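Per chain, numbering begins at 1; letters A, B, ... match sequence-line order. Small disclaimer: the values here were computed from a predicted structure and weren't measured.
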Amino acid sequence: MADKIVLIDGHSILNRAFYGVPDLTNSEGLHTNAVYGFLNIMFKILEEETPKYLVVTFDVHAPTFRHKLYAEYKGTRKPMAEELRQQVPMLKEMLKAMRIATIECAGLEADDLLGTLSCRCEAMGLEVSLISGDRDTLQLATEHVKIRIPKTKQGKTEVEDYYAEDVKEHYGVTPTEFIDVKALMGDTADNIPGVPGVGVKTATKIIQQYQNIETAYEHVEELKPPRAGKNLKEFWEQAKLSKVLATIEKDAQISFELEDALYEDPYTKEAYELCQRLQFKNLLSRFQVTTEKKDIEGLFCKLETASEIETLFEKAAKEEIVGVCLSRDEEGILPLFADPTGYGKAAVAIQEKVYLFGASPELPMTEILKKIGWLSGQVKTFAMFELKEALSVLEILDRETCFDNKIAAYLLNPLKSDYDEKDVAREYLDLLLDEGMDQERAAFYEAYIARESVGVLREKLKEEQMEDLFEKIEMPLVFTLYEMEKNGVKIASDELHAYGQMLGEKENELEESIYEMAGEVFNINSPKQLGVILFEKMELPNKKKTKTGYSTAAGVLEKLAPDYPIVSKILEYRQVAKLKSTYADGLANFIQSDGRIHGKFHQTVTATGRISSSDPNLQNIPVRMELGRMIRKVFIPEEGYVFVDADYSQIELRVLAHCSKDPALIEAYKEAKDIHRITASQVFHVPFDDVTDLQRRNAKAVNFGIVYGISSFGLSQDLSITRKEAEQYIQNYFESYPGIKRFLDETVSQAKEKGYVTTLFHRRRPVPELSSSNFMQRSFGERVAMNAPIQGTAADIMKIAMIDVAEELRKRNLKSRLILQVHDELLIEAKEEEADQVKEILTDKMEHAVDLLVPMVIDVHDGKNWFEAK
DNA sequence: TAAATCACG
DNA sequence: ACGTACGTGATTTAT
């Protein structure tokens, strides 16, 4: 059988990939989606074809010979998107690293290059597969030249194949005739004028009958429809030109040596490193790096007897760094270790080996865990992933030695969704782990990686000045959050149940009256059905649309509510339904046997450094609306305890005042004035005492807008005013606070330079969107750059306060405990007789967590439930 | 699994 | 002219 060659149209496939693969960026902020997509398509093809030769062609973008023939060439091609442009050299570098031949030839169109190559290769007796996204290349199909057009359908690439006969079958004409069809119908994208009034149907019919335009011209009087004939006659010169333009050159002057195109093993070290840098997770798994892995697994060692394990701990205690892993299942560690004879396994990595062991009659799990905890007091660094999850079974002797690899990796790039041992190994140790390892092997590796990655993670944290953030804030916080999760919050479950009942009745009433007003029964929860009822059946005026239909979001409905009673009913229904399903019923499912809810707090989730909460989310319990707020009455303290709640007053604006050093804002805070009123007075040019409620409300919205990275549209939307008015507000604001304007501008421009922003405590957030050529994306990047340092610094401050508060409670041996954090608010379940002390601690620690140019102020309340205490 | 909606800061 | 506020998580419907 003949040797095979694969020819790939580089730009065309890269372009396909760019628009077919969602935007990807690596941690340097480089856009990588097109290269990634290209490689996927290429490897898919290569696996199918297993060719002997492979060439990727590139054209240089300039008007070319063929196109220059057309005098009115206007270059309707859009300039390449910046994100795509960046990826062209990246792809070439990758191909070079993979030892894949590339050909480019200045002044030659991709098509002509491919045409010439395929023709020559066929003449050499090769089987040719030509990969392109461009259907023009179909004219190149022959018995031995197969045109392959990849299509991305829902993430999967499917390839359409065309030999000459397939072209005939699909288009009704031979590849050669295909040129003439195009000459008649034209192609705006390629600046081929064609013959006016002749579309694909007519053109195909004519060529089917006469094979080419010349013969057709000879029979121009007989052509059907007559109009086509008339036009062909009239535009004959244009048709001939079009044919020249449409014909792909097969005999261009290029130098090409078949031997240079040999396709060898592309999985080179250079390619591996490049994939590493671009963070192509899936592709990396194609590389064979088994040698290293074998070496690692040689370190793995199972211990059976109690004395072996004892010896290990003696040895480990003398180590500088140990890596630890407690094996877990989906539920976490607890089920494996709660039972002293538990079937869980522990792995400990030291310099020379990694050991794995379980409990035995002589050495129960409780003893093993005690030893591991003890180890934390012996070594310099006690490293593991997800320390918080292990604390339920581990008693740590020295908190200061603890190193959570997951948290370190999060700080280094908070935009990722995963920071597990495989990610850290891949990114920081150049080590690829197999998916789906058995529990024991996974535990070995995790302990090994925990230990091995400490050095590089520490180094990188130091490079970015985040060692203090890590050691003084994030690591201590692990223990505070663990305590909060363990404490949980008590729920008055009977009252919660009654609340749910009440909501259920309300929901039913509203449901019925909505059906009656609508004149039919439908699913109110379905935005689709609701949209049809409101905007089609009842013909309400509709403005906003979503991708799939009408928007029925609250903002839209609220504008209609005054005029249409059914709309207010729907809004009320939504509110009640939400309260019932998410809060009343939702929370009830999380009440544990101790009568409390133990939600989780996450430390490696948000892009800004905030904590997040789930299972259930305790940071979005209703408070703004009266009916929803009632649910806070079921959050109660233990008998003999009382709630003390403290929240920062405008922490983000104060942070902004500090960071921007704006004199007017600083002065306002120093004088403890009503900041929204002051803003109103400045923005609307009225004396402080004459500010109306509306003006104050608007000013408050402006202040929020500033923190979010202001835009006139956003503000106008929020205040239901015109964009002009919003612009005026913003302009007035910046005139009153020029320091803030300067700070925000400076922050954005620095972010564009560096690709990231930082908080006061050096927490970092990359902003890859800033280099986007897409206006919307770039604007988003700008708002992120303005917001992240403010929101992030506020988060840092709160974390410090939490650590200090928890520490002080512990120092004073109080029974009172932290139970919730809601970004700028802390809730403590305080022993009744300790309440005053707790208030004093909260005030002191929260107000003095940092020393800024403006005072930090908190409001403190107490109560017998969360409703009262807020 | 994605999209729409809405609860919070 | 583009089409938006920043950051989360849960529920529901529809694909």
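When the C1' atom of B:dG9 is taken as reference, atom CH2 of A:Trp866 falls 11 Å away, rounded to whole Å. When the P atom of C:dT4 is taken as reference, atom CZ of A:Arg723 falls 12 Å away, rounded to whole Å. One can place CD of A:Glu572 at 14 Å from P of B:dC6, the figure rounded to the nearest angstrom. Atom CZ in A:Phe775 sits roughly 9 Å away from atom C1' in C:dT4 (whole-Å rounding). Atom CZ of A:Arg574 and atom P of C:dT13 are 12 Å apart (whole Å). Atom pair A:Ile858:CD1 and B:dG9:C1' shows a separation of 17 Å (rounding to whole Å applied). Atom CZ of A:Arg629 is separated from atom C1' of B:dC6 by 18 Å (rounded to the nearest Å). If you measure from atom NZ of A:Lys528 to atom P of C:dT13, you get 14 Å, rounded to the nearest angstrom.
The aromatic ring centroids of A:Phe867 and A:Phe635 lie 6.0 Å or more from each other. A distance below 6.0 Å separates the ring centres of A:Tyr737 and A:Tyr733.
No engagement by A:Gly709 is indicated, since no non-hydrogen atom pair under 4.0 Å with the nucleic acid exists. Here A:Phe780 lies in heavy-atom contact (under 4.0 Å) with sugar-phosphate atoms only. If you check every strand for non-hydrogen atoms under 4.0 Å, A:Arg624 touches a base. In this structure, A:Val623 reaches the sugar-phosphate backbone alone: every heavy-atom distance under 4.0 Å involves primed, P, OP1 or OP2 atoms, never a base. No engagement by A:Glu825 is indicated, since no non-hydrogen atom pair under 4.0 Å with the nucleic acid exists. As judged by a 4.0 angstrom heavy-atom cut-off over every strand, A:Asn523 is placed among residues touching the sugar-phosphate backbone only. Counting any heavy atom pair closer than 4.0 Å across all strands shown, A:Ala726 reaches no nucleic acid atom.
Taken to the nearest 0.5 Å, the CD1 atom of A:Ile597 stands 14.0 Å off from the CG atom of A:Asn487. Separation of atoms CG (A:Asn525) and CD1 (A:Ile570) is listed at 11.0 Å; rounding is to 0.5 Å. In this structure, NZ in A:Lys752 is found 12.5 Å from OG1 in A:Thr747, a value given to the nearest 0.5 Å.
Atom C1' of B:dC6 sits at a distance of 31 Å from the matching atom of C:dA1, rounded to the whole Å. Separating the P atom of B:dT5 from that of C:dC2 is a span of 22 Å, rounded to the nearest Å.
Under 3.5 Å, the side chain of A:Ser711 and the base of C:dT4 form at least one donor-acceptor pair of N or O atoms.
Checking C:dT12, B:dC6, B:dG9 against every side-chain atom of A:Ala553, the shortest atom distance belongs to B:dC6. Closest to the side chain of A:Leu715, from the set C:dC2, B:dC6, C:dA5, is C:dA5. Nearest nucleotide to the A:Arg783 side chain, out of C:dA14, C:dC6, C:dT12: C:dC6. Of the candidate nucleotides B:dC6, C:dG7, B:dC8, B:dC6 has the atom lying nearest to any side-chain atom of A:Lys578. Nearest to the side chain of A:Arg765, among B:dC8, C:dA10, C:dG7, sits C:dG7. Relative to the side chain of A:Pro527, the nucleotides C:dT12, B:dA4, C:dT11 differ in distance, and B:dA4 lies closest.
A salt bridge does not link A:Lys569 to A:Glu509: none of the charged nitrogens lies less than 4.0 Å from a carboxylate oxygen. One finds no salt bridge joining A:Glu572 and A:Lys506 here, because no Lys/Arg side-chain nitrogen approaches an Asp/Glu carboxylate oxygen to under 4.0 Å.
For C:dA14, one of the phosphate oxygens OP1 or OP2 lies less than 4.0 angstrom from a side-chain nitrogen or oxygen of A:Gln529. An OP1 or OP2 oxygen of C:dA14 is reached within less than 4.0 angstrom by a side-chain nitrogen or oxygen of A:Ser526.
Side-chain contact of A:Gln821 with A:Gln619: a donor-acceptor pair under 3.5 Å is present, judged by distance alone. If you check the side chains of A:Asn732 and A:Gln728, you find a donor sitting under 3.5 Å from an acceptor.
In this structure, A:Lys388 forms no cation-pi arrangement with A:Tyr482, as its terminal cationic atom is not both closer than 6.0 Å to the ring centre and no more than 45° off the ring axis.
Near DNA chain B, defined here as any heavy-atom distance below 4.0 Å, the residues from residues 600-622 of chain A are A:Arg610, A:Gln619, A:Asn620, A:Ile621, A:Pro622, listed numerically.
Taking a pair as Watson-Crick or G-U with both hydrogen-bonding distances under 3.5 Å, the stems of three or more pairs touching DNA chain C are B:1-9 with C:6-14.
The side-chain hydrogen bond (donor to acceptor under 3.5 Å, both in side chains) test applied to A:Asp645 returns A:Trp866, not counting sequence neighbours.
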